[in-house]
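Everything below concerns the one structure shown next.
Since the structure is predicted, the reported quantities are computational estimates derived from the model, not experimental observations.
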Amino acid sequence: MLLLQQMIVLFILMGIGFLCCKLGIITDEVSKKLSSIVVNIANPALVLTGCMGEGRIEGKQLLLIAVIIVLVYGALLLIAMVLPWLLGVPLESRGTYRVMTLFSNIGFMGFPVVAALYGNSALLYAALFTIPYNILIYTFGISALSKREGAQEEGGSWRDSFSIGRVLNVGVIACIVTIVIYLSGIRMPEFVRLTVTHLSNLTAPLSMMVIGSSLAAIRIGKLFTDSRLLLFSAVKLLVIPVAGMLLIRQFVDDDVIRGVCMVVLATPVGSMTAMLAQQYGGDYEMASRGVALTTILSVATMPIVSVIVG
């Protein structure tokens, strides 16, 4: 019930963003600036709150989550290579579908849900997922999107765009700092903790309003008539997280680690998919519709996954 309530709250925040866009309060320029605030300030602050609580996580548990992360991304890479072929996706859209399969909205949607369900200390686990995420999205992600016909000339290869600066962005730096502070046991001054906490509280409302405003530019009815995209959404939001969690449950007893893994697997397609598709010649329209449809459906599917996997 707690997850359902949290998803309802996020859905309402998305609705407010949708309405603000329709009323002209949130324009494209405002949306970009709000996204920048979330990506560069609020979300990193939310990650940092994970090392400022009183709870502690044993080294054995950190090692366990590291192993799980490697296995999860390895499995998702294999699924991403096969799923578009099984769904009969046209060649020009297969790279986009692969990226949509692999990359979920861990930051914008996953972190707020993890924090609400399991407390800020659980964000340390979630933060670990973002390190390989960022490395993969700037290597495999760009490469897959650039394989669309003509994309190499339009956007360049991933080798041309890949750089340490892109991978070592503010989000990853926040994750690394969080882990270092946590493992070293450094105590943050109270004014620092309060400042970071206040900034982190911006993440959920702003990110959901930005996502909601992006839906205003898409014909919602058209989303639900694309049978292939609907089938993909069912696999992405139900089959993969349920199957993944049933396997993880066989080897992991810790409820918090299970919960974090469930949220990571069950979140919708990451918004970065559409941004990179636009820049590197992928199927931008399909990526945008994939982000929109899975985001809308996740309000219902995440609680369903939670019920199924217990």
Side-chain angles (χ1 to χ4, degrees), residues 1-7 46-47 49-80 82-83 101-137 171-172 174-176 178-183 234-270 294 298 301-310:
M1 287 301 295
L2 182 59
L3 178 57
L4 178 59
Q5 291 176 12
Q6 180 64 21
M7 294 308 297
L46 180 61
V47 174
T49 60
C51 66
M52 296 185 181
E54 296 298 327
R56 299 295 299 172
I57 302 172
E58 296 179 2
K60 186 184 297 185
Q61 291 173 309
L62 288 175
L63 178 61
L64 174 62
I65 195 70
V67 172
I68 291 173
I69 289 170
V70 171
L71 294 177
V72 164
Y73 279 115
L76 286 175
L77 274 168
L78 291 176
I79 295 171
V82 175
L83 184 58
T101 302
L102 180 57
F103 301 106
S104 299
N105 204 340
I106 299 176
F108 270 22
M109 213 165 197
F111 281 6
V113 172
V114 167
L117 294 178
Y118 304 104
N120 288 344
S121 62
L123 289 170
L124 182 62
Y125 292 133
L128 289 172
F129 274 92
T130 67
I131 298 175
Y133 182 105
N134 280 278
I135 294 172
L136 285 169
I137 202 165
V172 174
C175 295
I176 295 172
T178 297
I179 295 169
V180 170
I181 292 175
Y182 181 86
L183 293 178
V235 175
K236 169 75 174 175
L237 299 175
L238 291 172
V239 177
I240 291 176
V242 169
M245 287 310 302
L246 290 177
L247 286 173
I248 290 172
R249 284 180 58 188
Q250 304 302 313
F251 307 99
V252 180
D253 297 325
D254 190 288
D255 289 336
V256 175
I257 295 180
R258 284 182 179 180
V260 170
C261 292
M262 187 273 292
V263 171
V264 168
L265 289 172
T267 44
V269 174
T294 56
S298 67
T301 58
M302 287 185 73
I304 290 173
V305 171
S306 178
V307 170
I308 293 175
V309 302

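Proximity of F103 to L136: side-chain heavy atoms (C-beta onward) are separated by under 4.5 Å at one or more points. Between L265 and I248, some side-chain heavy-atom pair lies under the 4.5 Å cut-off. Annotation: side chain of L76 is in contact with side chain of I240 (closest heavy-atom distance under 4.5 Å). Contact annotation: the side chain of V264 never approaches that of I69 to less than 4.5 Å [non-hydrogen atoms, C-beta and beyond].
Considering every non-hydrogen atom in both C261 and I68, the closest pair reads SG-CG2, 3.7 Å. When every heavy atom of P303 is checked against every heavy atom of S298, the shortest pair comes out as CD-O, 4.0 Å. When all heavy atoms of V114 and A122 are compared, the closest pair comes out as CG1-CB, 3.8 Å. Minimum heavy-atom separation, M302 to A266: CG-O, 3.5 Å. Considering all non-hydrogen atoms of both residues, Y118 and D255 come closest at CE2-O, 4.3 Å. Here the closest heavy-atom approach between residue T267 and residue I106 is recorded as OG1-N, 4.4 Å.
To the nearest 0.5 Å, the span separating CG on L128 from CD1 on I65 amounts to 7.0 Å. Note that the CG atom of D254 and the CG atom of L64 stand 8.0 Å from one another [nearest 0.5 Å]. Rounded to the nearest 0.5 angstrom, I79 CD1 and T101 OG1 are separated by 8.0 Å. Annotation: the span from L102 atom CG to L78 atom CG amounts to 10.5 Å, rounded to 0.5 Å. Atoms OG1 and CD1, from T130 and I137 in turn, are 11.5 Å apart once rounded to the nearest 0.5 Å.
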Go through it in stages, so that I can follow the logic: the residues are K236 and T301, the test is side-chain hydrogen bond (donor to acceptor under 3.5 Å, both in side chains), and I'd like the CA-CA distance, side-chain angles, deciding distance and then a yes or no.
CA-CA 10 Å; K236 169 75 174 175; T301 58; over 6 Å; no

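Between the side chain of Y133 and the backbone N or O of S104 there is at least one donor-acceptor pair closer than 3.5 Å. In terms of modelled atom types and a separation under 3.5 Å, the side chain of Y73 and the main chain of F129 share a donor-acceptor contact.
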